[in-house]
Amino acid sequence: MIPLFKVAMSEEAPDRVAEVLRCGQLEHGPRVEEFEAALSERLGNPLVTAVNCGTSGLHLALSLVAGQYGGSGGAHEDTGEVLATPLTFEGTNWPILAHGMRIRWVDVDPETLNMDLDDLERKISPSTKAIMVVHWLGYPVDLDRLRGIVDRAERRLGFRPPVIEDCAQAWGATYRGLPLGNHGNTCVYSFQAIKLLTCGGGGLVVLPEEELHRRAVLRRWFGIDRAADRVHGDYDVPEWGFRFPMNDTAAAVGLANLDIVDPLLARHRENAAHYDKELAGVPGVELTERADDREPSFWAYPLKVEDRDAFTRKLAERGIMTSLISRRNDEHTCVAPYRSELPGLDRIQDRIIYVPVGWWLTEEDRSHIVDVIRSGW
Ligand SMILES: *Cc1c(COP(=O)(O)O)cnc(C)c1O
């Protein structure tokens, strides 16, 4: 079976991990700092902090940006709402619930599978605490347009709703020539096992300004300054924090994998370009948008197909794995109170399917996948 995902592990990773285990500094140590420095350099932004997973990063990001803004203002307690997309992994959205905020679903743009920015603009209100966008499959959201929407909201509401970008699937993706993490928002990457760059569990929060970065570093670890004098107990916690730092074994794995990731990413893009060409116009298949101002990472390759059950059956019979990756988040019982009309997502939800596109495909695999799809189902 040609898998939809595969772990990309450098051959050097086991030795690097063994080194950490032998040296005895197992948790937050020098390798985390080395990894952060290497990631900063790749991203071109020094304001990063490494965490134990992407979901922790989203908790941290929300705790930093939501609560200090907001226009709810009245005498009653309104924890406010976060505008979010239902077409994502649950890890994006459950942190909103954990922070006691309501979710207001924004529709999905059938062309990009990202948040529908027109619907977003309509839904920004005095209760908006934050906007959570996802670069789904690593296809970047139109960040300039998003900034324009937030600018207009700020003029209308008198406060600026902060934006969090879930970049979990987007390692290597760029928007207008810059890696995600440089467009004025708080961003979160994931280095979970099947993400393109993996630590076997890890994440990165990328901040847009020094003050937020300073607070993120503190809130990552109980709110305690690591340089503080804990021997004499001579320190204070002004703002409580979590227990989220990355550990040195994970950082060692990440450092080894950072050395191999670029050619792998290039393979994802080549394979996607091949599909873009070979699957365009095939009956029963619709492709998603490609804008030339952004370079996606293609964590998986999305298609909208007619008769999806028959499509997945046919591909499975021919040894090709497909998946829906996750259920539309708004249909889960735990978010039943937030259900709303989402006609864009309704229109495509029975047609969306993801096919393998990653570095592990051989040329034969790739041609086989194209041939099977072209032959109909
Ligand atoms: C993987 C993923 C997450 C969660 O990341 P973890 O590192 O597993 O916590 C969040 N959002 C999206 C879109 C993801 O794909």
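Note: hydrogens, waters and symmetry copies are ignored here, and every other heavy atom, side chains too, is used. For ligands, and for the atoms within them, numbers begin at 1 and follow the listed sequence.
For the salt bridge (Lys or Arg N to Asp or Glu O under 4.0 Å) test, residues two or more places apart in sequence or in another chain that qualify with R31 are E19, D248.
Per-residue contacts place G54 under 4.0 angstrom from the following atoms of ligand 1 (heavy atoms of the residue considered): 5 (O), 6 (P), 7 (O), 9 (O). Residue G202 has at least one heavy-atom neighbour below 4.0 Å for each of these atoms of ligand 1: 7 (O). Contact atoms of ligand 1 toward T88: 13 (C) (distance under 4.0 Å to a heavy atom of the residue).
Residues P140 and L180 form a side-chain contact, since some pair of their non-hydrogen atoms from C-beta on lies under 4.5 Å apart. Here the side chains of M101 and L62 are in contact, with some heavy-atom distance below 4.5 Å. Contact check for L43 versus V206: side-chain heavy atoms found under the 4.5 Å cut-off.
Atom 7 (O) of ligand 1 has its nearest heavy-atom neighbour, among G91, S326, S190, in S190. Evaluated by nearest non-hydrogen atom to atom 11 (N) of ligand 1, the leading choice among I325, D166, N52 is D166.
Scanning the protein for heavy atoms near atom 14 (C) of ligand 1, the closest one is K195 NZ, 3.1 Å. Of the protein's non-hydrogen atoms, T55 OG1, 2.6 Å is the one closest to atom 9 (O) of ligand 1. In terms of protein heavy-atom proximity, atom 8 (O) of ligand 1 is nearest to Q192 CG, 3.4 Å.
Within the structure, ligand 1 lacks G57 among the residues with a heavy atom less than 4.0 angstrom away.
With hydrogens and angles left out, the side-chain atoms of D142 and Y175 include a donor and acceptor closer than 3.5 Å.
Linking Ile, Leu, Val, Met, Phe, Trp and Tyr residues whenever their side-chain heavy atoms come within less than 4.5 Å places I2 and L324 in a single cluster.
On a distance-only criterion, W136 and ligand 1 share no N/O pair closer than 3.5 Å.
Only the side chain of A168 comes within 4.0 Å of ligand 1, judged by heavy-atom distances.
Of the possible donor and acceptor atoms, none in the side chain of N247 sits under 3.5 Å from a partner among the backbone N and O of P245. Within the 3.5 Å criterion, the main-chain N or O of I352 finds a donor-acceptor partner in the side chain of R308.
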